[in-house]
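In what follows, chains carry the letters A, B, and so on, assigned in the order in which the sequence lines appear, proteins first and then strands, with residues in each chain numbered from 1.
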Amino acid sequence: AQSVTQPDIHITVSEGASLELRCNYSYGATPYLFWYVQSPGQGLQLLLKYFSGDTLVQGIKGFEAEFKRSQSSFNLRKPSVHWSDAAEYFCAVGPGRHGNKLVFGAGTILRVKS
Amino acid sequence: DVKVTQSSRYLVKRTGEKVFLECVQDMDHENMFWYRQDPGLGLRLIYFSYDVKMKEKGDIPEGYSVSREKKERFSLILESASTNQTSMYLCASGPSLDRGGQYFGPGTRLTVT
């Protein structure tokens, strides 16, 4: 069965520091992988996605993620965090049996200290 | 830009009431989804629909039903609300192609008292 693990429930980084959020997945075939961000009280916004090809993908807001098949990982990175990046981040894997059905991780809450 | 709207941002209902949550998307997407979000549990899929009048159960369908009479509208129904259904409900839509990802509405925070 598909599953996604985000090992860190909370992460705190200083503004301007680099960031890496971890995501490990379990999937029987080549996965489609996604990172979403959720600001307080809002819905989820798609940051980036991986389907095939270059294993380093660029997204919005200066984020990137790297797909490592050997480690079943899809970690999200940002070289310099801004206070506005404070939010909850979700990793997701698909597709499911129908179209783009996704399985989500439990999320990582990012706090940014000034 | 894709727009997914939900009928209410906040809703308070009493135990036993029938509750309707409405979701509308404007991108002609085939797929629509209802999730509930609870702290520490991430998003859990309640139901999804891959075509008008078509639906499939997700991971936690008990206590819920859905309706999709038009392509742009997907409704979640709580037949008899209970306190354990207090949660954030998120609607999403996406194209039928696997690569499309999903686009989310702002969510409805439902409190059942």
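Taking 4.5 Å as the limit, some side-chain heavy atom of V4(A) sits within range of a side-chain heavy atom of C23(A).
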Go through it in stages, so that I can follow the logic: the residues are L78(B) and L76(B), the test is side-chain contact (heavy atoms from CB on, under 4.5 Å), and I'd like the CA-CA distance, side-chain angles, deciding distance and then a yes or no.
CA-CA 7 Å; L78(B) 288 66; L76(B) 179 69; 4.3 Å; yes
For L21(A) and I11(A), what are the C-alpha separation, side-chain angles and deciding distance, and is it a side-chain contact (heavy atoms from CB on, under 4.5 Å)?
CA-CA 8 Å; L21(A) 301 182; I11(A) 280 188; 3.6 Å; yes
L48(A)/L76(A) under side-chain contact (heavy atoms from CB on, under 4.5 Å): CA gap, chis, key distance, verdict:
CA-CA 9 Å; L48(A) 48 77; L76(A) 182 71; 3.8 Å; yes
Could you give me the CA-CA distance, side-chain angles and deciding distance for T111(B) and Y10(B), then say whether side-chain contact (heavy atoms from CB on, under 4.5 Å) is met?
CA-CA 8 Å; T111(B) 302; Y10(B) 300 94; over 6 Å; no
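Using a 3.5 Å distance cut-off with no hydrogens or angles, the side chains of S75(B) and E22(B) do pair a donor with an acceptor. A donor atom on one side chain and an acceptor atom on the other are not found under 3.5 Å apart for S73(A) and N75(A).
Between F48(B) and F74(B), the ring center distance fails the sub-6.0 Å criterion. In this structure, F104(B) has its ring center under 6.0 Å from that of Y36(A).
Contacts between R9(B) and chain A at a heavy-atom distance below 4.5 Å involve the side chain alone, from C-beta outward. Proximity to chain A (any heavy atom under 4.5 Å) is shown, for L43(B), by both the backbone and the side chain. Of the atoms belonging to Q37(B), it is side-chain heavy atoms, and not backbone ones, that fall under 4.5 Å from chain A.
To the nearest 0.5 Å, atom OG of residue S49(B) and atom CD of residue E69(B) are 10.0 Å apart.
For R109(B), the CZ atom sits in a loose shell: 12 or fewer heavy atoms of surrounding residues, nucleotides or ligands are nearer than 6.0 Å.
In terms of heavy-atom pairs under 4.5 Å with chain A, the best-connected choice from G107(B), P106(B), A92(B) is P106(B).
Of residues 78-90 of chain A, those residues with a non-hydrogen atom less than 4.5 Å from any non-hydrogen atom of chain B are, in numerical order, E88(A), F90(A). Residues of residues 61-72 of chain A placed with any heavy atom under 4.5 Å of a heavy atom in chain B are absent; none qualify.
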